[in-house]
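Not measured: the values here are computed from a predicted model. Scope of the values below: all heavy atoms of this structure, side chains included, with no hydrogens, waters or symmetry mates. Counting convention: from 1, in listed order, for ligands and their atoms alike.
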Amino acid sequence: MKEHITVCPRNCYSTCTFRVFTEDGRVKRILPYEGNLATPEGPCIKGLSYLEREYSPERIIYPLRRQPDGTFSRIGTEEALDIISGKLLEAREKYGPHSVLFYKGSGYSGLSNDIAGNFWKLFGGATTTFGNLCWPAGLEAVRLTLGEVKHNVPWDIVSASMIILWGKNSAETNVQEMIHIGRARENGAQVVVIDPRRTPTADKADILLRPRPGTDAALALAMAKVIIDRGLADAEFIRRYVSGFDKFTASLDITPEKAQEITGIPAEDIIRLAVMAGEAKRLTVVAGYGLQRYTNGGQTIRAILSIPIITGMIGKPGCGFNFANLQSYIFDDVKEPLSYYPDTEADKPFRRAISMATFGPDFFALKEPGIEVAWIERGNPVTQLPGSGEVIRAFKSVAFKVVVEQFLTDTAAMADIILPAKGIFEQADVVGSYWNPYAQYKPAVADPPGEVMPESAIYRRLAEKMGMNISSDDAIPAPEGYEGWLKERISHTPGFDPEELMQKPVIPEHNEHPAYGNLKFGTPSGKIELWSDMALKLWGVNPLPAYEPPDDFGEGDLPFRLMTPNIASRIHSQFGNLEVVKSVIEKPAWEISVADARRLGLKSGDSIRVFNSLGEVKGRVKVTSRVRKGSLVFPNGIWLAEGGGVNSLIKPAETDMGHGAAFHNTRVDIEKLPA
Ligand SMILES: Nc1nc2c(c(=O)[nH]1)N[C@H]1C(S)=C(S)[C@@H](COP(=O)(O)OP(=O)(O)OC[C@H]3O[C@@H](n4cnc5c(=O)[nH]c(N)nc54)[C@H](O)[C@@H]3O)O[C@H]1N2
Ligand SMILES: Nc1nc2c(c(=O)[nH]1)N[C@H]1C(S)=C(S)[C@@H](COP(=O)(O)OP(=O)(O)OC[C@H]3O[C@@H](n4cnc5c(=O)[nH]c(N)nc54)[C@H](O)[C@@H]3O)O[C@H]1N2
Ligand SMILES: [Mo]
């Protein structure tokens with residue numbers, strides 16, 4: 001067997017490195033790779049399931065065409081590409097390039113993704129999306145405050161004396177982080193979890209505080225007030241590196257008692273936590289992404305970030321604010337903060353864009369031309385976009401749809417033609433991470449099954465068929481030139497030895513550790529900005545971090561706030577269809593608190609209908625003390641046939657900054673159904 005070092009290209013913090021063994025072009029075995037200090041113990045269940053995923057009988061390995069009766073049948077690759085190029089040319093000729101929608105999700109990270117953008121530029125442009133479903137409110141909050149989005153290497157947390165996991169459920173969504181948190185705890189660190197739910201992460205913590213969803217800014221600002229009032233702030237650090245501290249202090253009007261009313265956390269617990277943080281020798285605050293998916297999400301992150309700032313915990317080992325670390329994220333512009341601004345100069349001649357968070361309403365508000373052809377890759381918008389009822393109506397209204405997919409997802413099921421998508425072992429690529437500091441090379445190690453081609457090859461064939469001008473540049477390399485294209489790209493990226501990168505994970509030269517160690521900040525003032533004129537100018541929010549109650553979208557009378565977190569067994573809508581994953585995971589159920597269940601006469605296993613003005617979903621209930629009264633919890637990403645469709649209840653709405661999606665503001669009611 002041949003051994004290779006490779007990396008998981010999923011949209012996940014960990015971005016694990018692992019060893020893969022192949023024989024005769026087939027993957028046989030997966031083992032840990034200890035050389036990545038962030039992920040030394042090997043991949044999670046999803047990583048191990050690649051053995052099944054690659055060769056699953058359900059994997060789509062030939063082009064499929066929808067028949068009049070709605071079923072799919074195999075067609076030849078040549079025929080599929082002829083039909084698609086014909087439709088694209090026709091739409092462009094009749095209605096212009098903006099009559100084509102190019103929708104890309106987050107299903108695959110890699111430098112090769114750039115080729116898609118090159119194709120659509122050469123096509124003459126397209127209608128595409130801006131913003132992001134995931135994390136942009138927080139990214140923008142950190143960028144406004146610290147100038148750049150980065151943090152210390154993951155294993156640095158081992159030397160923290162106090163860790164606050166603020167709305168982060170590492171035990172499920174960043175399992176590798178638990179290795180380092182566990183070591184910190186062995187060294188005596190106090191670990192605090194702040195989450196409305198008792199998560200598996202909370203089970204491994206010393207302290208759990210459970211705020212009402214969407215109220216964390218009030219908690220953080222009350223803590224800041226206690227820290228400052230008790231003289232626990234780091235005056236010297238603030239004087240030298242922080243701008244707006246006096247105005248911030250003057251604005252703090254949320255006392256611990258007031259915060260108790262807002263958050264539901266007892267005032268004495270708030271004071272105790274504030275004093276602990278104020279007195280901690282080395283404090284690391286790790287903020288997750290769930291708590292910024294609210295209409296007040298960006299301001300919430302700014303409020304939380306004020307704690308490590310006023311205690312002087314920035315730019316030192318064992319300290320910091322860990323939201324995202326974009327220091328190795330140099331290849332994939334999909335996630336760069338700047339791409340969140342609609343129609344940046346570089347984009348203007350090329351695209352017309354609609355917001356991902358409000359995709360449905362924006363789609364129907366498009367002026368001429370309407371969308372004639374939709375091309376969807378790396379995403380499952382039917383289950384993942386908020387307001388999915390309208391999203392489905394939008395896609396139904398499009399005459400011709402191409403979906404590039406590995407499996408028959410709810411989105412692929414709406415396609416006219418499905419093109420099979422590459423597996424992770426079939427094409428070389430370079431992958432960055434938003435948590436660990438490494439850039440990683442992913443070699444091609446297995447033969448693609450059936451007629452699978454990577455997107456780069458699909459685009460090349462289409463470009464040739466459509467007579468695009470691809471001879472003069474390397475925008476869309478031919479399959480035999482692809483690896484050369486990749487090497488060329490790497491060789492132009494500063495901070496690497498390309499040869500070394502081909503062998504093992506590499507930390508770029510420019511990786512700064514500790515992050516912000518030079519105490520220079522890329523903000524307008526050059527200091528850490530508690531007061532941010534840009535926050536007001538760009539997003540119309542208070543220039544200071546402030547608490548705004550989360551919007552109820554006119555449904556404040558509905559009794560439950562709906563939370564749709566991520567779970568260990570999947571990455572959003574991926575992996576749940578694999579046998580190995582199904583064998584270890586319970587069927588998802590609607591989690592409800594014991595108190596609410598009592599009031600409604602519900603017990604685990606009962607059937608319920610969950611509803612609001614947007615839609616309804618039916619399912620089974622699970623009564624648990626892990627959920628707060630007034631919250632209803634169901635994971636996102638579940639396929640419709642498995643009882644998913646949670647996004648049909650979620651209003652398409654943007655976060656306060658960054659054009660994120662405010663998934664968690666949603667309110668719902670429930671009703672018991674007859675057994
Ligand atoms: N196994 C697995 N790993 C993943 C993913 C996955 O789907 N599965 N997805 C990847 C991706 S794309 C992402 S974006 C990340 C997400 O990773 P996380 O940020 O950890 O994930 P979430 O589950 O969205 O939210 C984390 C926690 O926030 C809590 N929360 C919700 N609202 C509030 C609030 O108002 N206040 C507080 N304090 N907490 C709140 C939720 O209860 C949840 O436990 O994970 C990545 N890793
Ligand atoms: N209600 C609710 N909804 C949410 C969230 C939430 O918290 N609550 N979280 C949001 C977040 S954080 C995110 S990141 C999004 C994720 O939503 P999406 O970006 O849509 O990602 P996935 O659900 O992972 O689906 C990715 C698809 O890409 C396919 N794929 C994998 N590799 C390739 C490839 O190489 N090529 C092609 N063409 N396809 C490939 C997979 O098979 C999969 O079907 O969901 C968001 N939706
Ligand atoms: Mo995400």
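Put simply, part of Tyr13 is less than 4.0 Å from ligand 1, judged by heavy atoms.
Looking at Arg212 next to ligand 1, no N or O pair under 3.5 Å apart turns up. On a distance-only criterion, Glu377 and ligand 2 share no N/O pair closer than 3.5 Å. Not one N or O of Tyr434 is nearer than 3.5 Å to an N or O of ligand 1, by distance alone. On a distance-only criterion, Thr409 and ligand 2 share no N/O pair closer than 3.5 Å. By the 3.5 Å distance cut-off applied to N or O atoms, Asn11 is not counted among the residues near ligand 2. For the pair Asn566 and ligand 2, the shortest N or O to N or O distance does not fall below 3.5 Å. Note: an N/O pair closer than 3.5 Å links Val404 and ligand 2 by distance alone. On a distance-only criterion, Asn380 and ligand 2 share at least one N/O pair closer than 3.5 Å.
Heavy-atom minimum distance, Ala661 versus Leu133: CB-CD2, 4.2 Å.
Contacts between Lys46 and ligand 1 below 4.0 angstrom, taking non-hydrogen atoms only, involve the side chain exclusively. Within the 4.0 Å heavy-atom criterion, the part of Arg293 lying near ligand 1 is the side chain and not the backbone.
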